Amino acid sequence: MPGIQHRSARGPTTNFEVVMALIVQKYGGTSVADPERIRAVAEHIAYTKSHGNQVVAVVSAMGKSTDNLINLANQVSKTHPGREMDMLLTTGERISMALLCMALADLGVEAKSFTGSQVGIITDTVHTKAKILEVKGDRVRAALDEGRVCVVAGFQGVSTDSEITTLGRGGSDTTAVAVAAALGADSCEIYTDVTGVFSADPRLVPQARKLGHIQFDEMLEMAGAGSKVLALRSVEFARNHNVPIHVRSSFTWEHGTWVTGDTARKGDGVEDPIVAGVVHDASESKVTVQAVPDKPGVSAALFEPLAASNVNVDMIVQNVSVKGTTDVSFTVPKADMKVAEKIVADVAKQIGAEGVTHDDNIAKVSLVGAGMKTSPGVAAKMFRVLAENDVNIQMISTSTIRISVVIAATDLEKAVRALHTAFGLDSGSAYSAPLPERK
Ligand code: ADP
Ligand code: ASP
Ligand code: MG
């Protein structure tokens with residue numbers, strides 16, 4: 001485990017080496033939800049700095065302010081031009097960064113706030129889910145050299161067309177890891193409202209177990225399967241640039257979960273489990289195109305325009321052809337449904353399909369674990385557990401270290417808990433740290 005954790009930990013930990021490290025700390029929405037929380041974060045930053053570290057803090061918008069801004073947009077307009085959505089949504093993080101610098105000033109810590117654009121976070125031109133192409137970071141480096149704490153607005157950048165962009169929901173994680181990679185930081189701490197990465201979402205499974213460590217590949221699959229604790233792109237960045245991530249709580253400040261390239265499992269009290277975690281995702285809808293002519297080119301005709309419109313298609317199932325036609329089902333994020341619906345309806349007509357239906361009441365449950373590579377039978381056991389709990393499987397997809405099924409949303413809680421128990425992941429005690437309410 002990187003020694004850096006001793007330098008940045010608060011509380012009873014000893015063994016402080018006063019060696020200067022560069023630490024990027026990201027504070028999520030709940031961690032900066034109100035003035036008291038912002039002052040607590042400022043104190044933790046001051047504490048980290050007082051131990052000889054350089055600190056870059058990346059902040060999210062306060063509490064639910066991004067949701068509130070989206071609601072506001074919904075009340076004003078049906079169209080939501082991407083450029084204007086990004087102008088609107090980036091204001092949330094600007095508020096947090098300025099307030100945090102003010103709280104730091106009260107503690108005598110010299111700090112300077114930066115928008116994504118001022119940091120030189122250059123993205124592509126896809127509004128509302130832009131990808132980071134480059135992080136210049138010159139102004140941040142200069143401010144660090146002057147002995148300042150840098151506070152960076154998460155979730156945003158500036159496109160190659162000089163427009164303000166956002167990185168997709170949860171994108172402040174990506175800002176933090178990308179900035180850590182660009183600056184060559186010693187570690188990236190992701191402060192949130194749970195004490196680490198668990199074997200399942202502790203809000204759904206109180207018996208979930210905190211993992212001491214998880215490897216990039218497993219975390220990548222968990223994030224890809226919909227676990228919100230880290231945004232998918234942040235884990236991709238961390239793996240590609242080998243940035244160790246420490247996921248921990250800004251409510252208890254205790255040591256959390258290390259996400260690194262190290263493949264040895266340690267510290268979670270489970271002897272080499274085959275399954276690291278059960279992941280759920282209720283954010284997708286299922287679309288079915290009925291009676292599609294079964295001939296070459298129809299899938300391309302369907303999925304190419306969706307890709308061109310940046311709709312993230314996830315699971316795809318094509319049923320057996322009956323009398324020359326077949327049903328094609330796939331899942332897309334609910335947030336992309338408006339765009340997807342129109343495209344799919346147009347293509348269905350064009351290719352001579354019978355019709356299109358969609359179902360919002362679905363959920364995806366996944367098992368993730370590097371041990372699956374070498375242990376056959378995980379899928380069979382998963383299906384048996386679901387059957388015994390009377391849960392019907394609508395779709396299945398797999399990777400070498402993940403199995404995902406789509407089920408009815410009403411079965412979600414039952415399925416996740418049953419799988420968690422069946423795969424021996426229950427901790428024996430209910431989640432003990434406070435689970436802050438989301439304001
Ligand atoms: P933040 O605002 O700090 O970025 P998020 O809501 O994005 O916080 O992510 C933290 C939440 O992720 C937790 O409150 C928890 O409900 C959820 N979560 C989902 N899966 C897991 C998991 N396996 N381990 C820990 N938390 C998880
Ligand atoms: N504020 C943004 C969101 O709510 C980004 C983030 O918090 O990571 O999605
Ligand atoms: Mg988040």
Side-chain angles (χ1 to χ4, degrees), residues 25-33 37 41 58-71 85-86 88-97 116 128-130 152-157 165-178 189-211 214 218-219 221-235 245 247-251 256-257 259 268 275-283 335 365-369 412 416 420 425 427 431 433-439:
Q25 298 182 335
K26 178 259 173 175
Y27 295 94
T30 341
S31 302
V32 291
R37 297 292 322 148
V41 164
V58 174
V59 285
S60 289
M62 293 170 71
K64 293 216 154 159
S65 35
T66 307
D67 290 336
N68 296 340
L69 290 170
I70 293 171
N71 284 341
M85 273 312 271
D86 283 349
L88 179 69
L89 296 189
T90 46
T91 61
E93 271 69 11
R94 277 180 90 130
I95 292 172
S96 309
M97 73 176 189
T128 75
K129 42 181 152 176
V152 173
F155 174 56
Q156 54 181 273
T165 50
T166 59
L167 308 176
R169 298 304 306 266
S172 298
D173 295 338
T174 313
T175 304
V177 181
E189 300 180 334
I190 303 283
Y191 285 93
T192 183
D193 57 6
V194 286
T195 55
V197 178
F198 283 70
S199 51
D201 185 343
R203 289 181 194 277
L204 200 71
V205 183
Q207 311 281 340
R209 183 186 294 270
K210 184 163 99 181
L211 309 176
I214 185 166
E218 285 175 316
M219 195 63 237
E221 289 284 359
M222 280 177 75
S227 171
K228 269 200 335 156
V229 63
L230 283 177
L232 176 60
R233 293 221 189 110
S234 74
V235 190
I245 300 181
V247 180
R248 52 194 305 202
S249 163
S250 70
F251 289 78
T257 302
V259 188
D268 53 16
V275 172
V278 185
V279 182
H280 75 275
D281 182 5
S283 70
V365 179
S366 308
L367 297 183
V368 174
L412 179 64
V416 172
H420 197 268
L425 297 171
S427 66
Y431 186 69
L435 271 177
E437 224 182 289
R438 287 154 171 266
K439 296 185 203 169

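What you see is a predicted model; the values in this text were computed from it and never measured. Remember, it's 1-based here, ligands and their atoms both numbered in the order they're listed.
- Remark: ligand 1 and K26 share an N or O pair separated by less than 3.5 Å (distance only, no angle test).
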Can you list every pair where an N/O of ligand 2 is under 3.5 Å from an N/O on the protein?
residue: ligand 2; atom: 1 (N); partner: T66; partner atom: OG1; Å: 2.8
residue: ligand 2; atom: 1 (N); partner: E93; partner atom: OE2; Å: 2.7
residue: ligand 2; atom: 4 (O); partner: T66; partner atom: OG1; Å: 3.4
residue: ligand 2; atom: 4 (O); partner: R169; partner atom: NH2; Å: 2.9
residue: ligand 2; atom: 7 (O); partner: S60; partner atom: OG; Å: 3.0
residue: ligand 2; atom: 8 (O); partner: G170; partner atom: O; Å: 3.4
residue: ligand 2; atom: 8 (O); partner: G171; partner atom: N; Å: 3.4
residue: ligand 2; atom: 8 (O); partner: S172; partner atom: N; Å: 3.0
residue: ligand 2; atom: 8 (O); partner: S172; partner atom: OG; Å: 3.2
residue: ligand 2; atom: 9 (O); partner: R169; partner atom: NE; Å: 2.7
residue: ligand 2; atom: 9 (O); partner: G170; partner atom: N; Å: 2.9

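- The only member of L230, T257, V235 that meets side chain to side chain contact (heavy atoms under 4.5 Å, CB included) when paired with I214 is T257.
- For a threshold of 3.5 Å applied to N or O pairs, the pair formed by V197 and ligand 1 contains no separation below that value.
- Checked by distance only, ligand 1 and T192 come closer than 3.5 Å through their nitrogen or oxygen atoms.
- The protein non-hydrogen atom at the shortest distance from atom 15 (C) of ligand 1 is D201 OD1, 3.3 Å.
- Under the 3.5 Å distance criterion, with hydrogens and angles disregarded, no donor-acceptor pair is assigned to the side chains of D86 and T165.
- Listed by chain and number, the residues in a side chain to side chain contact (heavy atoms under 4.5 Å, CB included) with S227 are M222, V229, V279 (sequence neighbours excluded).
- Interface of V194 with ligand 1, defined as ligand atoms under 4.0 Å from a residue heavy atom, comprises 13 (C), 14 (O), 25 (C), 26 (N).
- Heavy atoms only, all atoms of each residue included: R233 and A130 are closest at NH1-O, 3.1 Å.
- Shortest contact from atom 5 (P) of ligand 1 to any protein heavy atom: R438 NH2, 3.8 Å.
- Counting heavy atoms from C-beta outward, D173 and K228 have side chains that stay 4.5 Å or more apart.
- The proximity of H280 to ligand 1, defined as any non-hydrogen pair under 4.0 Å, does not occur for either the backbone or the side chain.
- Under the 4.5 Å side-chain criterion, counting only non-hydrogen atoms from C-beta, I70 is in contact with M85.
- In this structure, R37 satisfies the cation-pi test against F251, with its NZ or CZ atom closer than 6.0 Å to the six-membered ring centre and inside 45 degrees of the ring normal.
- H280 contributes atom NE2, which lies 5.0 Å from atom CG of L204 (distance to the nearest 0.5 angstrom).
- The line from CE of M219 to CG of L232 is 9.5 Å long, rounded to the nearest 0.5 Å.
- Of the heavy atoms in P202, only side-chain atoms (C-beta onward) come closer than 4.0 Å to ligand 1.
- Of all atoms in ligand 1, numbered sequentially from 1 with element shown, those under 4.0 Å from a heavy atom of D193 are 10 (C), 13 (C), 14 (O).
- Ranking protein heavy atoms by distance to atom 2 (O) of ligand 1, first place goes to G29 N, 3.2 Å.
- No side-chain heavy atom of V278 sits less than 4.5 Å from a side-chain heavy atom of V205.
- Distance check, rounded to the nearest 0.5 Å: OG1 of T90 to CD1 of I95 gives 10.5 Å.
- In terms of protein heavy-atom proximity, atom 25 (C) of ligand 1 is closest to G196 O, 3.3 Å.
- Relative to atom 21 (C) of ligand 1, the option among S227, G170, G277 with the closest non-hydrogen atom is S227.
- Residue K228 places at least one N or O, backbone or side chain, under 3.5 Å from an N or O of ligand 1.
- Between Y191 and R248 the shortest side-chain heavy-atom distance falls below 4.5 Å.
- One finds the NE2 atom of H420 at 8.5 Å from the CD atom of Q207 (value rounded to the nearest 0.5 Å).
- Of the N or O atoms in M222, none lie within a sub-3.5 Å distance of an N or O in ligand 1.
- Ranked by closest heavy atom to atom 12 (O) of ligand 1, the top entry among T30, L211, I190, V229 is V229.
- No side-chain heavy atom of K26 sits under 4.5 Å from any side-chain heavy atom of T175.
- When each atom of ligand 1 is checked for a heavy atom of F198 under 4.0 Å away, the hits are 22 (C), 23 (N), 24 (N), 25 (C).
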